[in-house]
Amino acid sequence: MPVARSRFGIAIVLPSPICHEVDGIRRAIGSPQLSRIEPHVTIFPPFNLADDEIAPLLYQLRLLASRLEAFEVELWLY
């Protein structure tokens, strides 16, 4: 019997003012993901997990996030 799997990726979604700028660029180049994927910075690219692996991943991500301090990301749009 096949194992049920889900697709995940780990990313930081960009804040609103920057999203509008990035979406403008994406619109100008005809990005097919414009309406499907929010502007973001990829931390870990998409991967598949079996359903029984999801809870441990979420636990570890929450643990990591609770230990992080706020940080700034500077994006340069040319």
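Everything quoted here is computed from the prediction, not taken from an experiment.
- Under the 4.5 Å side-chain heavy-atom criterion for ILVMFWY residues, a single connected hydrophobic cluster contains both Ile12 and Phe8.
- Across Asp52 and Pro56, no two heavy atoms sit closer than the pair O-CD, 3.6 Å.
- Rounding to the nearest 0.5 angstrom, the gap separating the CD1 atom in Ile18 from the OG atom in Ser16 is 9.5 Å.
- Closest of all the heavy-atom pairs between Ala11 and Thr42 is CB-CA, 4.2 Å.
- Atom CG of Leu57 is separated from atom CZ of Arg62 by 9.5 Å, given to the nearest 0.5 angstrom.
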Pair Arg5-Asp51, side-chain contact (heavy atoms from CB on, under 4.5 Å): steps then yes or no: CA-CA 6 Å; Arg5 300 186 80 70; Asp51 285 352; 5.8 Å; no
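- Neither Ile43 nor Leu68 shares a network with the other; the hydrophobic side chains, linked directly or stepwise wherever heavy atoms of I, L, V, M, F, W or Y lie under 4.5 Å apart, form separate groups for each.
- Distance check: Glu38 CD to Arg26 CZ gives 9.0 Å after rounding to the nearest 0.5 Å.
- Phe71 and Leu63 are members of different hydrophobic clusters when ILVMFWY side chains are connected at heavy-atom separations under 4.5 Å.
- Each of Val13 and Ile10 belongs to its own hydrophobic cluster when Ile, Leu, Val, Met, Phe, Trp and Tyr are linked at side-chain heavy-atom distances under 4.5 angstrom.
- Between the side chains of Asn48 and Arg7, at least one donor N or O sits under 3.5 Å from an acceptor N or O.
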Can you list the steps and then say if Leu64 with Tyr59 is a side-chain contact (heavy atoms from CB on, under 4.5 Å)? CA-CA 9 Å; Leu64 175 63; Tyr59 173 80; over 6 Å; no
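- Note that the CG atom of Leu34 and the CD1 atom of Ile25 stand 12.0 Å from one another [nearest 0.5 Å].
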Please determine whether side-chain contact (heavy atoms from CB on, under 4.5 Å) holds for the pair Asp23 and His20, giving the CA-CA distance in whole Å, both sets of side-chain angles, and the decisive distance to 0.1 Å. CA-CA 5 Å; Asp23 273 345; His20 296 300; 5.6 Å; no
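- Using a 4.5 Å heavy-atom cutoff, the side chains of Glu53 and Leu58 are not in contact.
- Side-chain heavy atoms closer than 4.5 Å link hydrophobic residues (I, L, V, M, F, W, Y) into clusters, and following such links, even through other members, never connects Val22 to Ile37.
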Before you tell me yes or no, could you show the steps for Cys19 and Leu14 under side-chain contact (heavy atoms from CB on, under 4.5 Å), namely the whole-Å CA-CA distance, both residues' side-chain angles and the distance that decides it to 0.1 Å? CA-CA 6 Å; Cys19 276; Leu14 301 175; 3.9 Å; yes
